[in-house]
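Side chains included, hydrogens not; waters and symmetry mates left out as well; all remaining heavy atoms used.
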Amino acid sequence: LCVFLTAFFASKVEHESKHCNGKGFQRPGSSAFDRVYTANQNCGHAYPTFLAVLWCAGLLCSQAPAAFAGLMYLFVRQKYFVGYLGERTQSTPGYLFGKRIILFLFLMSVAGILNYYLIFFFGSDFEMYIKTITSAISPLLLIP
């Protein structure tokens with residue numbers, strides 16, 4: 001899904017580039033092109049972090065809540081991109097919502113790592129508790 005979303009963003013940049021006047025990739029004075037290009041760059045820069053925490057959360061903690069959060073993040077990035085095409089203030093809710101999802105995935109990763117070390121050093125396994133908590137908290141990501 002990341003690939004399709006990235007392709008959609010790139011097609012929007014290409015579309016806006018064709019409709020702007022001027023030659024070359026840099027088009028000074030084209031606020032529509034600047035917004036589309038900046039939104040695409042912002043989304044592209046966030047994906048490596050997203051993929052890393054998604055992978056760690058799914059591998060180390062629980063796959064179902066991580067997958068749910070990942071799908072929500074892709075939806076939020078789409079909302080951010082479309083909001084950025086309007087006014088920059090319209091993209092703020094998508095940005096803040098995305099930060100919250102990344103934080104959730106990061107905390108899932110940390111909980112999985114801590115559980116691994118608790119098993120390794122003390123023999124205590126809290127995996128079931130962690131999975132229950134993350135499964136209960138993940139629907140709360142829907143609250144804006």
Side-chain angles (χ1 to χ4, degrees), residues 1-20 24-28 30-144:
L1 289 175
C2 283
V3 172
F4 292 122
L5 201 57
T6 304
F8 170 73
F9 295 159
S11 70
K12 286 290 193 182
V13 171
E14 180 182 3
H15 179 282
E16 195 61 42
S17 174
K18 287 180 182 178
H19 290 307
C20 290
F25 195 63
Q26 297 295 329
R27 293 181 173 66
S30 172
S31 64
F33 176 76
D34 290 341
R35 284 195 309 263
V36 171
Y37 182 73
T38 304
N40 184 39
Q41 290 299 313
N42 290 347
C43 290
H45 292 156
Y47 279 130
T49 303
F50 162 66
L51 291 175
V53 295
L54 177 68
W55 181 77
C56 289
L59 184 68
L60 300 173
C61 193
S62 182
Q63 292 177 358
F68 176 73
L71 288 174
M72 288 299 302
Y73 184 79
L74 293 177
F75 172 74
V76 165
R77 268 298 159 180
Q78 171 68 17
K79 182 177 177 169
Y80 169 79
F81 187 83
V82 171
Y84 211 97
L85 296 181
E87 294 181 20
R88 292 185 183 179
T89 57
Q90 293 175 346
S91 66
T92 303
Y95 174 75
L96 295 175
F97 201 27
K99 275 181 35 177
R100 191 169 68 189
I101 292 171
I102 291 290
L103 177 65
F104 174 72
L105 290 170
F106 175 74
L107 292 175
M108 281 181 63
S109 301
V110 169
I113 291 169
L114 288 175
N115 186 53
Y116 172 78
Y117 282 113
L118 285 173
I119 292 170
F120 186 75
F121 289 117
F122 302 112
S124 301
D125 188 9
F126 293 100
E127 182 179 7
M128 214 45 205
Y129 298 114
I130 293 171
K131 284 185 178 184
T132 303
I133 290 170
T134 56
S135 295
I137 291 175
S138 64
L140 295 177
L141 292 175
L142 293 173
I143 299 172

To the nearest 0.5 angstrom, please state how far the [atom1] atom of [X] sits from the [atom2] atom of [Y].
{"X": "Y129", "Y": "N115", "atom1": "OH", "atom2": "CG", "answer": "11.5 Å"}
{"X": "L54", "Y": "I102", "atom1": "CG", "atom2": "CD1", "answer": "8.5 Å"}
{"X": "M72", "Y": "I101", "atom1": "CE", "atom2": "CD1", "answer": "5.0 Å"}
{"X": "Y73", "Y": "T49", "atom1": "OH", "atom2": "OG1", "answer": "7.5 Å"}
{"X": "R77", "Y": "Y95", "atom1": "CZ", "atom2": "OH", "answer": "8.0 Å"}
{"X": "L118", "Y": "I130", "atom1": "CG", "atom2": "CD1", "answer": "8.0 Å"}

Exercise for review: Output all residues satisfying ring-ring contact (aromatic ring centres under 6.0 Å, His included) with F68, sequence neighbours left out; order by chain, then residue number.
Suggested key: none
Quick check: closest heavy atoms across [X] and [Y], and the distance to 0.1 Å?
{"X": "V53", "Y": "S109", "result": "O-OG, 3.5 Å"}
{"X": "P65", "Y": "M108", "result": "CB-CE, 4.1 Å"}
{"X": "L105", "Y": "A57", "result": "O-CB, 3.6 Å"}
{"X": "V76", "Y": "G94", "result": "CG1-O, 2.9 Å"}

Practice item. Evaluate the criterion side-chain contact (heavy atoms from CB on, under 4.5 Å) for residue pair L74 and F50; output intermediate values, then yes/no. Key: CA-CA 10 Å; L74 293 177; F50 162 66; 4.1 Å; yes
Review point. Parallel, tilted or perpendicular for F120 and Y116, by the 30°/60° rule?
Key: parallel
Review point. Taking everything shown except Q63 itself, do over 12 heavy atoms lie less than 6.0 Å from its CD?
Key: no
